[in-house]
Q: 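Pasting in a structure now, in structure tokens, and then I'll have a few things to ask.
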Amino acid sequence: MKKLNPIHLAIVGHPIKHSLSPLMHSTAAREAGFADDEFSYEKFDVEPQDLATFMRRFRDGPLAGLNVTIPHKMAVMDFLDKIDPTAKTIGAVNTVVKSGDILTGYNTDAYGLIKSVKEIGGIQDLAGKKIFIYGAGGSARAVVSGFIAENVASLTIANRTQNRAVELLSRLAPSAKTIAMGYNDHKTLVESVATADIIVNTTSVGMAGGGDPSGLPPGVEALHEGQTVVDIVYNPLTTAFLATARAKGAGTVDGLWMLIYQGAKAFEIWTGRQFPVMKAREVLLAELGEG
Ligand code: ATR
């Protein structure tokens, strides 16, 4: 078989021990035809105060690209030469490419979410859809940017801390079709959930090992058939939120899809090769004990 240009990559974050990205990308590389000595993907646990040193070594070292995860997605931007417009809008980078001396930052999270909704949720055309999003943290920024770029009809963000939702929208999507709310006005929140076409949880509620693994966001009683409900949490694969949505007849998209599609885009940026989505899904499900 023809030798491919070797490529060596890594993910940097803190903590990083449980990251599924090394398994996902090494599986993809094998499927894409890279021999074992042509591809590697390491993980580096780097604390915030050590990011500058890590990035200096990356610049001078043999790695050709990085994934960047919590808590470095914003901070890493200070150490790059170029930032892709999508990443600039979101204000965070999750993928870095080194080409010669130039480090370029990309963000594939918005792509990952939108692709999941289209391919798995079966909604190819998002124009005119009503979107409801829980949460106003870093993940919500990518999700909001993704939907706004698809020309949705309206977008509501509800967050426990209302101010963060207000600030996120005023910076990212100041428009008459966006609304920020807190969790206190339950009646309005329930109405917004009931009238949405697509509902996305971007908070850590429902995450194993998080503060509230069996927790549900407010207003889930309004979910119903005909809606598409997305969780970005993938551990557990079926969160309490998704289980509730399913019981109410809504369609669901689990968080592993977003992880896979953001990885697919990063892989294509680094290697120029197609990413085997279904194979990655199979391997990751087995790793999570869901295979
Ligand atoms: P990330 O980058 O993963 O989005 P983050 O920026 O820390 O992480 O944001 C976490 C999100 O989960 C926030 O919207 C947070 O709400 P607050 O802004 O009110 O903190 C939300 N969140 C976390 N734990 C929560 C809980 N127990 N109940 C409700 N919302 C919670």
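Along the sequence shown, residues carry numbers from 1. When a ligand or atom number is given, it counts from 1 through the structure's own listing order.
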Q: Taking the minimum heavy-atom distance to atom 18 (O) of ligand 1, which of N159, L168, V143, I157 ranks first?
A: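 Nearest heavy atom to atom 18 (O) of ligand 1 lies in N159.
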Q: Only heavy atoms of G135, strictly under 4.0 Å: list the atoms of ligand 1 that pass.
A: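 The atoms of ligand 1 under 4.0 Å from a heavy atom of G135 are 14 (O).
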Q: Would you list the atom pairs, donor with acceptor, under 3.5 Å between side chains in residues 136-147 and any protein atom, with sequence neighbours excluded?
A:
{"unit_1": "R141", "atom_1": "NE", "unit_2": "I90", "atom_2": "O", "d": "2.6"}
{"unit_1": "R141", "atom_1": "NH2", "unit_2": "I90", "atom_2": "O", "d": "2.9"}
{"unit_1": "S145", "atom_1": "OG", "unit_2": "R141", "atom_2": "O", "d": "2.9"}

Q: I'd like to check which ligand 1 atoms, numbered from 1 as shown, lie under 4.0 Å from a non-hydrogen atom of S139.
A: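 By the 4.0 Å cutoff, the relevant atoms are 1 (P), 2 (O), 3 (O), 4 (O).
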Q: Is there any side chain to side chain donor-acceptor pair (under 3.5 Å) pair reaching into residues 234-257, and which pairs are they, with sequence neighbours excluded?
A: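 Pairs touching residues 234-257 that pass the test: D231-T239, R246-T252, D254-R281.
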Q: Please work out whether any backbone atom (N, CA, C, O) or any side-chain heavy atom from C-beta onward of S204 is under 4.0 Å from ligand 1, and answer side chain, backbone, both or neither.
A: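 Near ligand 1, S204 shows its backbone as well as its side chain.
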Q: Regarding ligand 1, does T161 bring an N or O atom to under 3.5 Å of one of the ligand's N or O atoms?
A: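 Yes: some nitrogen or oxygen of T161 is under 3.5 Å from one in ligand 1.
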Q: Side chains of T86 and N107: donor-acceptor distance under 3.5 Å anywhere?
A: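 Short answer, no.
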Q: In terms of atom number and element, which parts of ligand 1 are under 4.0 angstrom from non-hydrogen atoms of R164?
A: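 Reading through ligand 1 atom by atom, the close ones are 6 (O), 9 (O), 13 (C), 17 (P), 18 (O), 20 (O).
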Q: Of all the atoms in ligand 1, which lie at a distance below 4.0 Å from a heavy atom belonging to G138?
A: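 Numbered from 1, ligand 1 contributes 1 (P), 2 (O), 4 (O), 6 (O).
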Q: W270 versus N67: any side-chain heavy-atom pair under 4.5 Å?
A: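 The answer is yes; the side chains approach within 4.5 Å.
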Q: I70 to ligand 1: N or O pair under 3.5 Å?
A: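 No, I70 has no N/O under 3.5 Å of an N/O on ligand 1.
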Q: In terms of the angle between their ring planes, are H25 and F267 parallel, tilted or perpendicular, with boundaries placed at 30° and 60°?
A: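 Rings of H25 and F267: parallel, under 30°.
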Q: Under 3.5 Å between any N/O of Y183 and any N/O of ligand 1: does that happen in this structure?
A: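 No.
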Q: Considering only heavy atoms of G137, which atoms of ligand 1 have at least one such atom less than 4.0 Å away?
A: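 Close to G137: 4 (O), 5 (P), 6 (O), 9 (O), 14 (O).
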Q: Ring-plane angle category for Y134 and F132, please: parallel below 30°, perpendicular beyond 60°, tilted otherwise.
A: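 The rings of Y134 and F132 stand perpendicular, inter-plane angle above 60°.
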Q: Ignoring hydrogens and angles, tell me if any N or O in the side chain of K98 forms a donor-acceptor pair with the backbone of L63 under 3.5 Å.
A: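 A pair under 3.5 Å: yes.
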